[in-house]
Amino acid sequence: MTEHTAASMQALLARQKGAHLRDGPPSAEKRIERIDRAIGLLVDNREAIIAALNADFGSRSAEASAFTDIGASLGPLKHAKANLRRWMKPEKRKTSPALLGLFGAKAELRYQPKGVVGIISPWNFPVNLTFAPLAGVLAAGNRAMIKPSEFTPATSELMATMFGGAFSDEEIAVVTGGPEIGQAFSGLAFDHLIFTGATGVARHVMRAAAENLVPLTLELGGKSPVILGRSADLATAAARIMNGKTLNAGQICLAPDYVLTPKESLESFVGEATGAVRRMFPTLKDNPDYTSIVSQRHYDRIMGHIADARAKGARVVEIKPEGEDLTQQPHHKIAPTLIIDPTDDMTVMQEEIFGPVLPVKTYAGIEEAIGYVNVHDRPLGLYYFGDDAAEREQVLAATTSGGVTVNDVIFHIAQEELPFGGVGPSGMGSYHGQDGFKEFSHKKSVYTQLKKDIGPLVQMRPPYGAGFRKFLEGQIKR
């Protein structure tokens with residue numbers, strides 16, 4: 001595999017920008033053909049992708065990989081392929097003043113490819129979080145340079161080989177390497193850059209991109225809360241919450257980070273959550289359905305949160321079969337763990353957990369739960385469970401998050417007709433479906449003036465007369 005340098009990346013970018021200028025905006029047919037090639041890569045390399053992900057994680061569910069990294073990537077690509085002709089059409093807008101439109105003036109919005117889009121993808125879903133944004137990038141007619149994570153080296157090298165065999169480096173190029181390469185990549189003069197990852201790293205990416213005023217889409221994370229209403233079906237809610245928390249062992253930007261439950265429902269929720277995990281995972285240690293933590297560093301970080309909470313007085317409920325000792329294992333599996341009644345001085349309540357650990361706090365009234373959410377950073381997702389329509393609307397209106405799923409977790413990311421993105425520390429910009437097409441397009445305003453001068457147009461030129469002064473008097477009023 002070619003070792004990339006800052007100079008070689010600059011050269012790649014220059015080739016792609018040159019090709020964009022040389023060939024002009026691609027036709028709908030060309031965009032579809034490129035998307036078809038991307039679809040083919042996922043389908044034809046299914047087993048290799050699953051094997052690479054398993055190698056990188058140590059133990060990763062084959063079915064979960066097929067579902068989250070392959071299937072969930074095909075959906076956005078197929079959706080873009082089916083709809084991009086409609087998305088590409090210019091949008092007619094009304095003229096101002098409307099009188100100009102009556103005489104034949106036109107106002108429209110045209111969607112133009114930005115050019116070359118940089119994609120920095122993370123390690124938790126390295127295939128999906130490369131291909132899902134790529135659907136919008138290709139639908140919008142762009143070329144792409146991709147920097148996958150160094151923490152999933154087998155998957156990153158596989159993607160480099162896959163793209164290298166199906167696309168010229170003038171269309172899509174993959175750049176592999178460590179933090180130094182990532183930093184240099186962030187500083188390239190792309191026409192747009194999308195970064196998915198940690199908020200702390202995003203600050204460095206944004207700083208580097210600012211040197212060239214590169215527009216950014218930042219898909220970050222944060223502590224996405226679950227609010228259990230008093231009207232919630234606790235058994236169903238607990239099963240759905242714990243499914244979301246244990247998928248990929250909680251290594252998901254949208255994973256439910258903590259639960260806020262009515263005080264009187266605490267023990268019922270703990271019981272239902274424990275039962276739900278035991279039904280999904282009768283065993284953990286040698287269970288291929290249960291994914292391990294990606295690295296020793298992240299394993300130590302998560303175990304540190306648990307130890308800190310225990311030391312500071314929280315009740316810790318480890319959900320695993322009796323007799324299973326996860327300290328004696330070839331991988332980095334951590335049992336699903338509930339932290340009951342955590343306090344804000346515990347590290348588990350101060351950082352995004354990104355693992356199978358779920359703090360459970362109690363509240364007396366819904367205003368208390370809303371207040372707790374609002375004094376913390378705006379999260380990527382928020383989850384409300386309950387059948388009380390007034391309470392649901394109160395939560396939706398009084399909180400700000402990137403997106404919301406009601407009566408489940410994570411599912412809003414799967415909706416191609418809904419934009420996916422954060423707000424504030426959880427991100428900026430959004431993509432998916434037509435919103436992704438627009439995110440990676442330049443929205444060009446085009447106004448076409450009347451062929452002939454009419455009175456009002458002539459009056460706007462000096463020397464200004466009574467007619468123009470009358471026009472001004474009509475405009476400058478309440």
Side-chain angles (χ1 to χ4, degrees), residues 1-21 52 56 113-134 136-138 140 142-165 167-221 253 294-295 297-298 425 427-429 431 439-440:
M1 194 60 61
T2 304
E3 288 291 323
H4 286 282
T5 63
S8 69
M9 288 189 290
Q10 289 278 11
L12 263 178
L13 178 60
R15 280 205 299 279
Q16 289 202 0
K17 286 194 169 189
H20 175 70
L21 291 173
D56 283 329
K114 286 192 170 183
V116 180
V117 178
I119 301 173
I120 302 178
S121 53
W123 56 261
N124 59 325
F125 295 106
V127 176
N128 173 254
L129 293 172
T130 297
F131 279 84
L134 193 61
V137 169
L138 294 178
N142 298 292
R143 296 158 193 271
M145 286 177 62
I146 300 164
K147 169 60 179 73
S149 175
E150 66 270 23
F151 294 110
T152 44
T155 307
S156 295
E157 292 297 343
L158 175 62
M159 285 198 290
T161 301
M162 286 164 49
F163 281 111
F167 291 87
S168 76
D169 65 5
E170 287 187 349
E171 295 175 302
I172 297 176
V174 177
V175 173
T176 57
E180 300 82 8
I181 293 297
Q183 185 175 355
F185 189 92
S186 303
L188 293 174
F190 294 113
D191 299 300
H192 194 100
L193 176 62
I194 175 169
F195 167 83
T196 306
T199 301
V201 179
R203 290 188 175 94
H204 296 290
V205 171
M206 195 171 184
R207 210 171 283 125
E211 288 296 316
N212 292 300
L213 297 178
V214 174
L216 287 167
T217 304
L218 299 177
E219 299 298 348
L220 310 178
C253 58
V294 73
S295 67
R297 180 170 69 88
H298 282 288
M428 63 176 69
Y431 67 100
E439 183 83 352
F440 303 121

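Since the model is a prediction, treat every value here as computed from it, not as a measurement.
- Among all heavy-atom pairs drawn from Met9 and Ala184, the shortest one is CE-CB, 3.5 Å.
- The local environment of CD in Glu150 is crowded, with over 12 non-hydrogen atoms from other residues, nucleotides or ligands closer than 6.0 Å.
- No donor-acceptor pair under 3.5 Å is formed between the side chain of Asn142 and the backbone N or O of Pro113.
- Closest approach of Val137 and Phe440 over heavy atoms only: N-CD1, 3.6 Å.
- In this structure, Leu216 CG and Leu213 CG are separated by 10.5 Å, a value rounded to the nearest 0.5 Å.
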Note to self: Please evaluate residues His192 and Thr217 with respect to the criterion side chain to side chain donor-acceptor pair (under 3.5 Å), reporting the C-alpha separation (whole Å), side-chain torsions for both, the decisive distance (0.1 Å), and the verdict.
What the structure shows: CA-CA 8 Å; His192 194 100; Thr217 304; 2.7 Å; yes

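- Put simply, the side chain of Thr152 never gets that close to the backbone of Asp56: no donor and acceptor are under 3.5 Å apart.
- Remark: side-chain polar atoms of Arg143 are not paired, donor with acceptor, to backbone N or O of Lys17 under 3.5 angstrom.
- Under the 4.5 Å side-chain criterion, counting only non-hydrogen atoms from C-beta, Thr196 is not in contact with Asn124.
- From Gln16, atom CD reaches atom CG of Asp169 across 7.0 Å, with rounding to the nearest 0.5 Å.
- By the 4.5 Å heavy-atom criterion applied to side chains, Glu219 and Pro133 are not counted as neighbours.
- Between Leu218 and Met206, the closest heavy-atom pair is CD1-SD, 4.1 Å.
- The CD1 atom of Ile120 sits 11.0 Å away from atom OG1 of Thr130, with the distance rounded to the nearest 0.5 Å.
- How far CG of Leu188 is from CG of Leu12: 9.0 Å, rounded to the nearest 0.5 Å.
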inquiry  = Under the criterion side chain to side chain contact (heavy atoms under 4.5 Å, CB included), I'd like the reasoning laid out for Leu158 against Val127: C-alpha separation, chi angles, the key distance, then a yes or no.
reply    = CA-CA 10 Å; Leu158 175 62; Val127 176; over 6 Å; no

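- When all heavy atoms of Leu193 and Ala209 are compared, the closest pair comes out as CD2-CB, 4.4 Å.
- What you find for Ser121 and Pro126 is that their closest heavy atoms are OG-O, 4.1 Å.
- A pairwise comparison of heavy atoms in Leu220 and Ala198 identifies CD2-O, 4.1 Å as the closest pair.
- Taking the six-membered ring wherever Trp is involved, the centroid distance between the rings of Phe131 and Phe125 does not fall below 6.0 Å.
- Between Trp123 atom CH2 and Thr155 atom OG1 the span is 12.0 Å, to the nearest 0.5 Å.
- From Lys147, atom NZ reaches atom NE2 of His4 across 10.5 Å, with rounding to the nearest 0.5 Å.
- Within 6.0 Å of CD on Gln183 lie no more than 12 heavy atoms contributed by other residues, nucleotides or ligands.
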